[in-house]
Amino acid sequence: MLKLTGLLLLFSSAVLTGMDAANRLMQKEHYLRQLGSFFRQFAIQLDCLRCSPAQLVLVLSRQQEFYGNELINGLLLYLAEGISFKQALRDTLKECHNAQRWGVDRLLWQLEDTIGVRELETQLAVLHSVVAALEEQHAAAAQQVQKKGSLYRRMGVLMGLLLAVFFC
């Protein structure tokens, strides 16, 4: 009975490892889709309403689509304190682990010296280039989820079976 329990634990740990790897790919894809959508809407709102960046972040952060995003929540917290968008973005990117882990922070640094500082056309041009880059990264991440997600899950099951047979 104890041997069966040990084999079940080995099998389960391998399966969970495969599922975790697939889940990390899906989290990256979701994060990139969320940021792309946020900055696309940010550009549209900026062009139409011509509000301050702090007001735009406040309006957009209320949408259910953006709940739970650490970058958007960080921006909202810093901007609520009355800090400039430039400083809020800088501080948020330093603390945002997902942006650093997936390389999005290097892309978003472009916004630091532009949003709320330069003329509207320049702000919109930089926003559109950032959105295009985010959409490109999202497409690559979605393709990885499609290709590698099920592979990781299947490999976890196979490794679990291999471990169970090996130690049986």
Side-chain angles (χ1 to χ4, degrees), residues 17-156:
T17 301
M19 291 179 73
D20 181 55
N23 189 34
R24 277 186 270 129
L25 287 176
M26 288 189 293
Q27 286 175 347
K28 178 180 180 180
E29 185 267 338
H30 175 72
Y31 186 77
L32 290 170
R33 180 172 28 88
Q34 218 176 24
L35 282 183
S37 178
F38 177 79
F39 284 110
R40 183 179 327 103
Q41 290 184 32
F42 189 92
I44 292 168
Q45 297 281 342
L46 181 65
D47 192 26
C48 295
L49 301 177
R50 300 177 196 263
C51 296
S52 72
Q55 291 172 327
L56 293 176
V57 171
L58 179 64
V59 167
L60 292 174
S61 67
R62 291 182 181 151
Q63 294 182 13
Q64 187 174 1
E65 177 184 1
F66 305 124
Y67 285 158
N69 187 299
E70 67 177 346
L71 185 108
I72 297 167
N73 290 339
L75 273 176
L76 186 62
L77 287 174
Y78 281 115
L79 290 171
E81 294 175 3
I83 296 174
S84 70
F85 184 84
K86 178 179 181 172
Q87 186 64 41
L89 183 64
R90 180 183 301 140
D91 293 343
T92 302
L93 287 175
K94 287 179 184 175
E95 296 174 3
C96 187
H97 301 293
N98 284 338
Q100 293 170 2
R101 179 173 49 180
W102 294 318
V104 177
D105 59 340
R106 284 176 261 140
L107 180 63
L108 296 179
W109 283 115
Q110 298 175 30
L111 299 175
E112 180 186 19
D113 293 326
T114 310
I115 303 300
V117 178
R118 303 242 172 131
E119 60 275 352
L120 181 63
E121 291 78 23
T122 306
Q123 292 179 50
L124 291 174
V126 170
L127 277 169
H128 290 304
S129 70
V130 167
V131 167
L134 284 170
E135 287 174 348
E136 187 177 299
Q137 287 183 3
H138 171 257
Q143 189 176 21
Q144 274 191 329
V145 166
Q146 190 174 16
K147 283 184 176 180
K148 294 181 181 178
S150 61
L151 174 70
Y152 288 159
R153 286 187 289 274
R154 281 186 250 135
M155 284 190 63

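FYI, the numbering just counts along the sequence from 1.
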Please check if the number of heavy atoms outside [X] that lie under 6.0 Å from its [atom1] is greater than 12.
X: Gln110; atom1: CD; result: yes
X: Arg90; atom1: CZ; result: yes
X: Arg106; atom1: CZ; result: no
X: Gln146; atom1: CD; result: no

Please answer whether the main-chain N or O of [Y] pairs with a side-chain N or O of [X] as donor and acceptor at a distance below 3.5 Å.
X: Gln144; Y: Leu25; result: no
X: Tyr67; Y: Arg62; result: yes
X: Asp47; Y: Ala43; result: no

For a quick test of reading the model, state the closest non-hydrogen atom pair linking [X] to [Y] and the distance between them.
X: Glu135; Y: Arg40; result: OE2-NH2, 2.9 Å
X: Ala141; Y: Leu32; result: CB-CD1, 3.9 Å
X: Val131; Y: Phe39; result: CG2-C, 3.5 Å
X: Glu70; Y: Ala99; result: OE2-N, 4.1 Å
X: Phe42; Y: Leu127; result: CD2-CD1, 3.6 Å
X: Gly116; Y: Pro53; result: CA-CG, 3.9 Å

Quiz item: Stepwise, does the side-chain contact (heavy atoms from CB on, under 4.5 Å) test hold for Asp20 with Tyr152?
Solution: CA-CA 9 Å; Asp20 181 55; Tyr152 288 159; over 6 Å; no

Give, for atom [atom1] of [X] and atom [atom2] of [Y], the distance between the pair rounded to the nearest 0.5 Å.
X: Thr122; Y: Asp113; atom1: OG1; atom2: CG; answer: 12.5 Å
X: Cys96; Y: Asp91; atom1: SG; atom2: CG; answer: 12.5 Å
X: Arg33; Y: Leu134; atom1: CZ; atom2: CG; answer: 13.0 Å
X: Arg50; Y: Gln55; atom1: CZ; atom2: CD; answer: 14.5 Å
X: Asp105; Y: Leu93; atom1: CG; atom2: CG; answer: 6.0 Å
X: Leu124; Y: Glu119; atom1: CG; atom2: CD; answer: 10.5 Å

Would you say [X] and [Y] make side-chain contact, with heavy atoms under 4.5 Å?
X: Leu46; Y: Leu56; result: yes
X: Tyr78; Y: Glu95; result: yes
X: Leu60; Y: Ile72; result: no
X: Ile115; Y: Leu89; result: no
X: Asn98; Y: Leu71; result: no
X: Gln27; Y: Trp102; result: yes

Quiz prompt | Matching residue for Glu29 among Arg24, Gln137, Gln34, His138 - test: side-chain hydrogen bond (donor to acceptor under 3.5 Å, both in side chains) | solution = His138

Practice problem: Return the orientation label for the Phe66 and Phe38 ring planes: parallel under 30°, perpendicular over 60°, tilted otherwise. | Solution: perpendicular

Quiz item: Are Gln87 and Ser84 linked by a side-chain donor-acceptor pair shorter than 3.5 Å?
Solution: no

Quiz item: After noting the C-alpha distance and the side-chain angles of Asn69 and Leu35, does the key distance pass the side-chain contact (heavy atoms from CB on, under 4.5 Å) rule?
Solution: CA-CA 8 Å; Asn69 187 299; Leu35 282 183; 3.9 Å; yes

